[in-house]
Amino acid sequence: MSLIGDIAGAYRAPRKTMQVQIERGITEPQTLFYGMLFGVINLIASFPRVVLSAPDQDTFTGMMAGLFISYVFFLPLMLYGIAGLLHWVFSKFNGQATYAESRRALNWAAVATTPFILLSGASYVLNNSTLTMTLNVMTAIVFIWQLRATVTETEFS
């Protein structure tokens, strides 16, 4: 299945989609790719906000360069740390997953949330704070839903 098909499947049956990924085999390069893809999508979603807030071209360039470094390089590392922490906490509650499965569960939940991240980023163009806040809350809810489903499948299935 394609990545977009897997993301669509995560909205229909998130646990089944995670189970299919486990059955395919979890590789570290693919997990890192998901983390970096999540960072690139966040960078793209931040573009409208930065364009509207930067007073000149030099400020815009500096802000985008900083966001590029933060999202593409440091965000995947942060996801790895959070996944390790979650795995340690869930192991205290009889979690069954390996570290690799735990990392994949968090990174996959993040990637599955990317359509809402892009919508949230695009909402800045409309300059409607209520819409932006609503979409940001919806994005957080979808991420928590996806994370709960993937963690349940990997740790407690």
Side-chain angles (χ1 to χ4, degrees), residues 1-50 67-126 128-157:
M1 214 177 200
S2 68
L3 180 62
I4 295 173
D6 284 346
I7 291 172
Y11 287 94
R12 287 188 300 273
R15 288 185 66 179
K16 182 181 177 196
T17 305
M18 188 67 220
Q19 182 59 38
V20 167
Q21 289 201 18
I22 292 170
E23 289 170 0
R24 282 187 209 149
I26 294 176
T27 62
E28 204 57 45
Q30 190 176 31
T31 301
L32 180 60
F33 168 76
Y34 285 162
M36 293 181 87
L37 176 66
F38 178 63
V40 168
I41 296 295
N42 273 300
L43 180 68
I44 293 167
S46 297
F47 187 78
R49 179 179 48 86
V50 173
L67 286 175
F68 177 79
I69 297 296
S70 298
Y71 284 144
V72 177
F73 295 113
F74 291 127
L75 182 61
L77 293 174
M78 188 177 75
L79 289 174
Y80 270 55
I82 292 170
L85 183 64
L86 284 174
H87 177 68
W88 179 76
V89 168
F90 290 132
S91 69
K92 302 300 179 197
F93 295 99
N94 297 324
Q96 306 289 322
T98 64
Y99 276 113
E101 291 171 341
S102 183
R103 285 190 301 270
R104 175 58 67 88
L106 180 64
N107 285 352
W108 178 248
V111 168
T113 310
T114 56
F116 282 90
I117 291 170
L118 289 170
L119 281 174
S120 295
S123 69
Y124 282 95
V125 173
L126 300 175
N128 183 340
S129 61
T130 305
L131 176 64
T132 302
M133 182 59 71
T134 303
L135 285 171
N136 286 337
V137 169
M138 285 176 57
T139 302
I141 291 169
V142 168
F143 175 72
I144 291 168
W145 167 54
Q146 289 291 327
L147 183 61
R148 181 183 179 278
T150 58
V151 164
T152 301
E153 185 60 37
T154 56
E155 296 279 357
F156 304 109
S157 64

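In what follows, every heavy atom counts, from backbone to side chain, and hydrogens, waters and symmetry copies are set aside.
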Under the 3.5 angstrom rule, does the side chain of [X] hit a backbone N or O of [Y] as a donor-acceptor pair?
X	Y	value
Thr150	Leu147	yes
Ser102	Ala83	yes
Ser70	Leu67	no
Thr114	Ala110	no
Thr132	Ser129	no
Thr154	Ala97	no
Gln146	Ala10	yes

Item to check | side chain to side chain contact (heavy atoms under 4.5 Å, CB included) between Phe38 and Leu75, worked out | outcome: CA-CA 8 Å; Phe38 178 63; Leu75 182 61; 3.4 Å; yes
Checklist entry - For the residue pair Pro48 and Gly121, what are the closest heavy atoms and their distance? => result CG-O, 3.5 Å
Checklist entry - CZ of Phe74: more than 12 outside heavy atoms within 6.0 angstrom? => result no
Checklist entry - Got more than 12 heavy atoms from elsewhere within 6.0 Å of CG, Leu126? => result yes
Checklist entry - What about Phe93 and Phe156, are their ring centers closer than 6.0 Å? => result no
Checklist entry - Between Phe73 and Phe68, does a ring-ring contact (aromatic ring centres under 6.0 Å, His included) hold up when you go through it step by step? => result CA-CA 8 Å; Phe73 295 113; Phe68 177 79; 5.8 Å; yes
Checklist entry - So among Arg103, Glu155, Glu101, which one has a side chain to side chain donor-acceptor pair (under 3.5 Å) with His87? => result Glu155
Checklist outcome for this item: The reported gap from CE in Met138 to CH2 in Trp145 (rounded to nearest 0.5 angstrom) is 11.0 Å
